[in-house]
Number of protein chains: 2
Amino acid sequence: MHFELDPRAPTPPSEQLADQVRFAVAAERMAPGDRLPSVRALAAEVRVNPNTVSRAWRELEREGVLESRRGDGMFVAAKALAVCRKAAARVVAERLERAVLEACAAGLTNQEIETLVRAACAADLAPRPRKSA
Amino acid sequence: MHFELDPRAPTPPSEQLADQVRFAVAAERMAPGDRLPSVRALAAEVRVNPNTVSRAWRELEREGVLESRRGDGMFVAAKALAVCRKAAARVVAERLERAVLEACAAGLTNQEIETLVRAACAADLAPRPRKSA
DNA sequence: ATGGGTGTCCTACCCCGATAGGACACCCGT
DNA sequence: ACGGGTGTCCTATCGGGGTAGGACACCCAT
């Protein structure tokens, strides 16, 4: 699992990381039992303070997405799939709706909006061979 | 022009206000010469500090969207339409794309995404009797 | 000229999230 | 037993953005 932070995104780093895990589990790119990168390793990789990663992992543990094995590592929990499916669907739907309403407010026609959406879908599916880059 | 703040949105209040003006101009719900609500009045209406509104207006003036007439008020600038059309299109496209990519990452199919988008469009068009088609 | 409206600017304070650096408890291979 | 990996916790500190309150300059109707 590869992580990436977008410094221009409106959401803070810790939330971006948490979302990426939630979405990966929801999309079954990660399965229960999978080990996550260590706090320190991931922090070094994405150039962030270890505390920031730790906070994300802690929140996910609170939600039941992750399980911590002290001295060993963090692992995707058994019930993670169910939890993440619900959470991801809710979050994604909300953000999508917000973006669409914004587009409407900006005067875009439904036609234009759907064109943009289709383009974005295509852009996502094309370049990614579904594993590591 | 009616303003509204969403406290749960990821973007700060001042940016929300600025966006609402940009989008209103882009969608021609506001035209050059129109007067904006006064800093203090709008601040009271949306329950925010006057400085927050002032900051939004100042940023819009910097972009050429608004013109300040000291002691009189803030007005939509002559070149506002052109500026806002570009800015709004860029911002909206970016946020829409971000939301769609997120949805893809969360495992939604293109089919599901388009359904959500259509629903959001419909939800927006229904309650609002669109000024200029 | 006056008073009330306008935008502008300034200083202080505060909250939240990220940063920095350290200390501790745990697990496991050696 | 040891050492290096793991997560956890703690105390600062910093910075952005919003808040609070005030002071000022300007325009205009009265």
Side-chain angles (χ1 to χ4, degrees), chain A residues 1 3-21 30 32-78 80 91, chain B residues 1 3-21 30 32-78 80 91:
Chain A
M1 168 98 196
F3 290 85
E4 202 163 338
L5 288 186
D6 179 356
R8 295 181 345 198
T11 57
S14 62
E15 280 183 41
Q16 289 186 47
L17 293 177
D19 274 342
Q20 285 178 41
V21 173
M30 295 195 87
D34 283 3
R35 171 195 297 273
L36 274 82
S38 85
V39 165
R40 292 172 180 81
L42 181 54
E45 184 185 338
V46 296
R47 311 307 252 272
V48 150
N49 194 282
N51 285 332
T52 302
V53 179
S54 184
R55 193 181 321 158
W57 275 201
R58 197 181 323 143
E59 167 63 14
L60 291 170
E61 186 181 21
R62 200 191 59 78
E63 295 175 12
V65 175
L66 299 183
E67 275 173 2
S68 141
R69 301 186 201 154
R70 238 191 141 90
D72 191 0
M74 297 284 323
F75 299 82
V76 178
V91 166
Chain B
M1 170 96 197
F3 289 85
E4 202 163 339
L5 288 186
D6 178 356
R8 296 180 344 195
T11 56
S14 61
E15 281 183 42
Q16 289 186 47
L17 293 178
D19 275 342
Q20 285 177 41
V21 173
M30 295 195 89
D34 283 3
R35 172 196 295 273
L36 275 82
S38 84
V39 165
R40 293 171 178 82
L42 181 54
E45 183 184 339
V46 297
R47 310 309 252 273
V48 150
N49 194 284
N51 285 331
T52 302
V53 179
S54 184
R55 194 179 320 158
W57 277 200
R58 197 181 321 144
E59 167 62 15
L60 290 171
E61 186 180 21
R62 200 190 59 78
E63 294 174 12
V65 176
L66 299 183
E67 276 173 1
S68 141
R69 299 185 204 155
R70 238 191 141 89
D72 191 359
M74 298 282 325
F75 298 82
V76 178
V91 166

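Each chain gets a letter, A, B and so on, in the order its sequence line appears, and its residues count up from 1. Computed from a prediction, not measured in an experiment: that's the story for all the values here.
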Problem set entry | Any E59(B) side-chain heavy atom under 4.5 Å of E15(B) side chain | no

Problem set entry | Student check: side-chain heavy atoms of R35(B) and D72(B) closer than 4.5 Å | yes

Exercise. About how many Å separate CG of N51(B) and OG of S14(B), when rounded to the nearest 0.5 Å?
Worked result: 11.0 Å

For this session: Output all residues satisfying side chain to side chain donor-acceptor pair (under 3.5 Å) with E63(A), sequence neighbours left out; order by chain, then residue number.
Result: R22(A)

Problem set entry | Spacing of F75(A) atom CZ and M30(A) atom CE [to the nearest 0.5 Å] | 10.5 Å

Problem set entry | Terminal contacting nucleotides, 5' and 3', DNA chain D versus chain B (heavy atom, 4.0 Å) | dG17(D) to dC27(D)

Exercise. Do you know the tightest heavy-atom contact between P10(B) and P10(A)?
Worked result: CB-CB, 4.0 Å

For this session: Give the minimum heavy-atom separation between E67(A) and A77(A), together with the two atoms involved.
Result: CG-CB, 3.8 Å

For this session: Please name the pair of heavy atoms, one in P7(B) and one in L5(B), separated by the smallest distance, quoted to 0.1 Å.
Result: CD-O, 3.4 Å

Exercise. With respect to M74(B), which candidate in L60(B), L42(B), L66(B), V21(B) satisfies the side-chain contact (heavy atoms from CB on, under 4.5 Å) definition?
Worked result: L66(B)

For this session: Can you sort out which residues in residues 39-58 of chain B have a heavy atom within less than 4.0 Å of DNA chain C? Ascending by number, please.
Result: V39(B), R40(B), N51(B)

Exercise. For Q20(A) and M1(A), which heavy atoms make the closest approach, and how far apart are they?
Worked result: O-CE, 3.6 Å

For this session: Name all residues meeting the salt bridge (charged side-chain N to carboxylate O under 4.0 Å, His left out) criterion together with D34(A); count only those two or more places apart in sequence or in a different chain, and write none if there are none.
Result: none

Under 3.5 Å between N/O atoms: give me all the protein pairs with nucleotides 1-5 of chain C, atom names plus distance.
unit_1	atom_1	unit_2	atom_2	d
dG5(C)	N2	G71(B)	O	2.9

For this session: Answer with base, sugar-phosphate or nothing: what part of the nucleic acid does E67(B) contact at a heavy-atom distance below 4.0 Å?
Result: nothing

Exercise. Going by heavy atoms closer than 4.0 Å, what residues in residues 4-16 of chain A are next to DNA chain D?
Worked result: none

Problem set entry | Least distance between heavy atoms, V46(A) atom then F3(A) atom | CG1-O, 4.0 Å

